[in-house]
Number of protein chains: 2
Amino acid sequence: MRTIKDIAKLAGVSRTTVSRVLNNSGYISEKSRKKVMDVIEETGYVPSQHAKSLRTKQTKIIGVILPKISTDTSSRTVDGMNEVFGEKGYQILLTSTNLDKEKEIEHLRLLQNRQVDGIILLATNTDEDLVEEIRKSKVPVVVIGQEVAGDSEIPSVIFDDYGASASLMETLIDNGYRKIGYIGVESSDRAVGVLRKQAYIDAMEKHNLEIGETWIQTGDFSIDSGYEAARRIFEGSRNVDAVFAATDRMGIGAFKYLRKERLSIPEDVAVVGIGSSETSRFIDPAMTTVEYEFEEAGRTGAEILLDILNGEANVPVKKLLDFKLVSRDSL
Amino acid sequence: MRTIKDIAKLAGVSRTTVSRVLNNSGYISEKSRKKVMDVIEETGYVPSQHAKSLRTKQTKIIGVILPKISTDTSSRTVDGMNEVFGEKGYQILLTSTNLDKEKEIEHLRLLQNRQVDGIILLATNTDEDLVEEIRKSKVPVVVIGQEVAGDSEIPSVIFDDYGASASLMETLIDNGYRKIGYIGVESSDRAVGVLRKQAYIDAMEKHNLEIGETWIQTGDFSIDSGYEAARRIFEGSRNVDAVFAATDRMGIGAFKYLRKERLSIPEDVAVVGIGSSETSRFIDPAMTTVEYEFEEAGRTGAEILLDILNGEANVPVKKLLDFKLVSRDSL
DNA sequence: ATCAAATATGGAATCGATTCCCTATTTTAG
DNA sequence: CTAAAATAGGGAATCGATTCCATATTTGAT
């Protein structure tokens with residue numbers, strides 16, 4: 001492995017000069033620059049990141065904390081981040097909490113010890129403890145996916161859950177559906193549990209539609225729970241004409257139930273979900289849903305973090321992301 | 001940020017002693033060890049990785065090169081690796097080629113400059129160039145997913161494509177299916193294109209079953225190509241009673257075609273695939289397929305790499321991975 | 001009791017870069 | 001033509017660890 005010293009000797013200058021060429025800093029004559037450049041070219045020399053980091057306290061590495069790598073959400077978000085970071089010469093150091101919420105804090109610390117330049121956290125919770133830890137961090141942190149508690153100044157990228165949900169409801173109502181059931185998740189999940197449901201309720205109210213007693217059910221994200229929720233809705237009232245599931249997977253559960261009951265989609269009952277999963281696309285009939293652009297979330301998060309690192313002045317603290325209505329055949 | 005010097009001062013010993021405690025090396029008295037430990041505990045001191053790496057030439061970072069992060073294969077494999085590496089204090093530096101084969105070599109170089117301890121490559125091709133680059137690498141490289149050209153000594157973890165395919169064929173034949181069509185991919189892909197098809201042909205021969213003229217079709221992994229391939233099979237001969245698709249997604253394409261043709265699955269025609277994708281599970285009827293344990297592949301690859309790094313003697317050069325037949329309702 | 005081996009600790013060099021501070025040369029202004 | 005400013009480049013300290021070597025103290029065998 002060659003070092004800056006070797007290059008200096010070969011080019012007939014001092015290490016200082018080589019360093020200046022490398023970093024484009026200070027005064028330097030064209031002649032020296034060329035000599036150094038030539039030698040670097042010839043030797044294929046690459047400076048040691050460690051030595052550099054030791055002095056500059058910069059690593060060009062971004063730590064990323066995920067709940068689990070192998071999910072659509074995570075992997076697509078990382079794809080997006082990678083795009084932006086790759087361009088700027090940053091690389092991604094991955095850590096996964098494996099769905100263990102406790103570990104989010106632990107990993108936050110671990111990455112700081114690695115002296116990463118910044119951290120992106122795909123949060124699953126927004127506990128006080130976590131927020132506290134983020135606030136204490138000397139390394140900038142950007143949160144993607146969950147709105148961090150109220151007044152905090154932690155930069156975050158979030159999806160427009162309320163808007164997406166509202167838009168889906170408008171579509172259903174526009175298409176003549178009136179008796180709409182809802183399958184949600186529990187309210188500890190702010191994004192999915194609270195906002196999406198609120199939009200459903202608000203839309204029903206706005207259009208003076210009554211909500212039947214059994215029409216609002218709760219699942220746990222799984223397909224099976226969607227099936228059960230659908231069962232509860234229909235066993236309570238046979239004449240519901242549409243099911244709005246807060247996630248695609250629960251929507252797929254509803255599909256299964258309706259199929260079993262020999263109710264045809266969308267003639268008898270419409271079903272819509274949120275997420276635009278692959279399965280939602282290839283199920284029959286294809287499900288109408290909302291697509292979140294996770295790649296875009298990743299890109300945006302990465303850009304915000306870079307802006308912070310570059311000391312940019314007006315970095316947006318919260319960024320609300322767009323969604324896309326995907327109209328298919330289930331309504 | 002505290003340094004080893006601070007700790008030494010606080011504990012009333014030299015930096016050398018602190019370092020010895022940190023690394024469990026050399027002689028040290030219980031008393032000194034305790035003093036140092038206490039101070040470390042109190043201060044929450046963590047050694048700088050950069051300084052350490054600069055001296056030891058070890059980074060405790062593994063570079064991982066993927067074709068694309070957001071695929072089932074990649075993300076599950078990374079999940080598996082992460083499990084093993086995490087335990088041993090290694091972290092993962094991710095890079096993605098975004099399906100650009102050329103970039104595999106470029107990233108291989110990039111990671112070496114980062115001075116990672118080892119590299120895991122989820123290869124999409126096994127060109128001469130690539131093999132050459134791997135061979136030149138001073139950093140150990142483990143390849144997952146593709147068998148690297150013949151005689152090479154490059155450690156790799158591969159799936160038993162022939163075995164999986166053969167086992168699926170046996171199941172079909174055991175269940176009385178005789179006129180089996182095949183949807184594959186082109187032979188530039190060794191694992192999927194060549195081995196799986198060979199197993200199909202061998203099984204048919206072994207059981208003295210004839211292969212109709214239009215029964216072997218080629219797709220490009222996409223669902224649509226599966227649809228088209230199925231169309232070509234059935235337009236050629238109406239009485240095929242089973243379709244063996246080399247991948248789930250092409251199998252799903254076949255599902256679509258059969259549904260359109262009002263042929264019921266499995267009464268009229270059986271369909272099987274390989275991959276155990278989520279969609280294969282929730283399509284109706286659920287598809288019989290083969291599950292590859294990508295997590296296991298990741299774990300195994302990680303273990304092999306660690307063995308190499310630890311100078312273990314007999315590291316297996318090739319490791320063939322198991323598969324699991326997932327019997328469902330499509331046959 | 002004596003001497004070698006084992007144990008314990010510290011000083012200082014080292015890894016490969018950056019950067020502060022200094023000196024020398026060239027350019028520019030008055 | 002001279003003094004100040006701009007340009008160019010080098011010496012050496014520095015970042016925070018590890019590790020070689022030297023020295024001091026204990027232990028154990030004879």
Side-chain angles (χ1 to χ4, degrees), chain A residues 1-40 43-61 89 91 110 112-117 138-139, chain B residues 1-40 43-61 89 91 112-117 138-139 309:
Chain A
M1 185 60 67
R2 291 172 192 286
T3 74
I4 199 173
K5 215 168 155 184
D6 303 329
I7 305 304
K9 189 170 290 172
L10 286 171
V13 299
S14 75
R15 286 136 76 204
T16 309
T17 305
V18 175
S19 175
R20 289 205 180 105
V21 172
L22 251 26
N23 298 285
N24 259 305
S25 61
Y27 292 116
I28 217 168
S29 64
E30 260 323 302
K31 224 169 64 185
S32 302
R33 157 169 274 118
K34 183 160 179 348
K35 269 192 300 187
V36 173
M37 289 296 240
D38 285 351
V39 174
I40 290 178
T43 54
Y45 160 77
V46 182
S48 150
Q49 267 296 329
H50 302 302
K52 190 169 181 159
S53 297
L54 182 55
R55 271 290 337 214
T56 61
K57 312 285 177 209
Q58 268 221 3
T59 55
K60 288 275 187 178
I61 290 183
Q91 283 177 326
L110 212 68
Q112 292 184 55
N113 297 339
R114 276 279 188 196
Q115 282 130 327
V116 297
D117 289 348
K138 279 141 294 182
V139 175
Chain B
M1 185 60 66
R2 290 173 193 285
T3 76
I4 199 174
K5 215 167 157 184
D6 303 329
I7 305 304
K9 188 168 292 171
L10 287 171
V13 299
S14 74
R15 285 137 76 204
T16 310
T17 304
V18 176
S19 176
R20 288 205 180 100
V21 172
L22 250 28
N23 298 285
N24 256 303
S25 63
Y27 293 115
I28 215 166
S29 66
E30 259 324 304
K31 223 170 65 186
S32 300
R33 158 168 275 119
K34 183 161 181 348
K35 270 192 302 185
V36 173
M37 290 296 239
D38 285 352
V39 174
I40 289 178
T43 55
Y45 159 77
V46 182
S48 150
Q49 266 297 328
H50 301 302
K52 189 168 182 160
S53 298
L54 182 56
R55 272 289 333 213
T56 61
K57 313 287 178 207
Q58 269 221 4
T59 55
K60 288 277 188 173
I61 290 183
Q91 283 177 327
Q112 292 184 54
N113 295 340
R114 277 279 188 195
Q115 282 130 325
V116 296
D117 289 347
K138 280 140 294 182
V139 175
L309 290 178

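In what follows, every chain begins at residue 1, and chains take the letters A, B, ... in the order their sequences are listed.
In this entry the distance linking CD1 of Ile4(B) with C1' of dG10(C) reads 13 Å, nearest Å. Between the P atom of dT14(C) and the CG atom of Leu54(A) lies a distance of 17 Å, rounded to the nearest Å. In this structure, Ile40(A) atom CD1 and dA17(C) atom C1' are separated by 13 Å, rounded to whole Å. When the P atom of dG16(C) is taken as reference, atom OH of Tyr45(A) falls 10 Å away, rounded to whole Å. Summarising the geometry, the separation between CD on Gln49(B) and P on dT18(D) is reported as 10 Å, rounded to the nearest angstrom. Going from atom NZ of Lys52(B) over to atom C1' of dG16(C) covers 19 Å, rounded to whole Å. We find that NZ of Lys57(A) is positioned 12 Å from P of dT19(C), with the value rounded to whole Å. Between the CD atom of Gln58(B) and the C1' atom of dA17(D) there is a distance of 14 Å, given to the nearest Å.
Here the straight-line distance linking atom CD1 of Ile4(A) with atom CD1 of Ile7(A) works out to 8.5 Å at 0.5 Å rounding. Here OG1 of Thr43(B) is found 8.5 Å from CG of Asp6(B). Values are rounded to the nearest 0.5 Å. Atom CG in Leu22(B) sits 9.0 Å away from atom CE in Met37(B) (nearest 0.5 Å).
Evaluation of the side chain to side chain donor-acceptor pair (under 3.5 Å) test over residues 46-61 of chain A, restricted to residues two or more places apart or in two chains, returns Thr59(A)-Asp117(A). Applying the salt bridge (Lys or Arg N to Asp or Glu O under 4.0 Å) test to residues at least two apart or on different chains, the pairs with a partner in residues 23-37 of chain A are Glu30(A)-Arg33(A), Lys34(A)-Asp38(A).
Counting non-hydrogen atoms under 4.0 angstrom, Ser19(B) reaches a base of the nucleic acid. Across all strands, Lys5(B) comes closer than 4.0 Å to no nucleic acid atom at all (heavy-atom distances).
Qualifying side-chain hydrogen bond (donor to acceptor under 3.5 Å, both in side chains) partners for Ser29(B), counting only residues two or more places apart in sequence or in other chains: Ser32(B).
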Please list, one pair per line, the donor and acceptor atoms closer than 3.5 Å that link side chains of residues 12-19 of chain A to other protein atoms, with sequence neighbours excluded.
| unit_1 | atom_1 | unit_2 | atom_2 | d |
| --- | --- | --- | --- | --- |
| Ser14(A) | OG | Thr16(A) | N | 3.3 |
| Ser14(A) | OG | Thr17(A) | N | 3.2 |
| Ser14(A) | OG | Thr17(A) | OG1 | 3.2 |
| Ser19(A) | OG | Asn23(A) | ND2 | 3.4 |

Under 4.0 Å protein heavy-atom contacts per nucleotide of nucleotides 6-13 of chain D, with B for base, S for backbone only and - for none: SBBBBBBB
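In the helix from dA1(C)-dT30(D) to dG30(C)-dC1(D), the end axes, each obtained as the rotation axis mapping the C1' atoms of four pairs onto the next four within a five-pair block, lie 30° apart to the nearest 10 degrees.
Here the shortest heavy-atom pairing between Tyr45(A) and Thr3(A) reads CE1-C, 3.8 Å.
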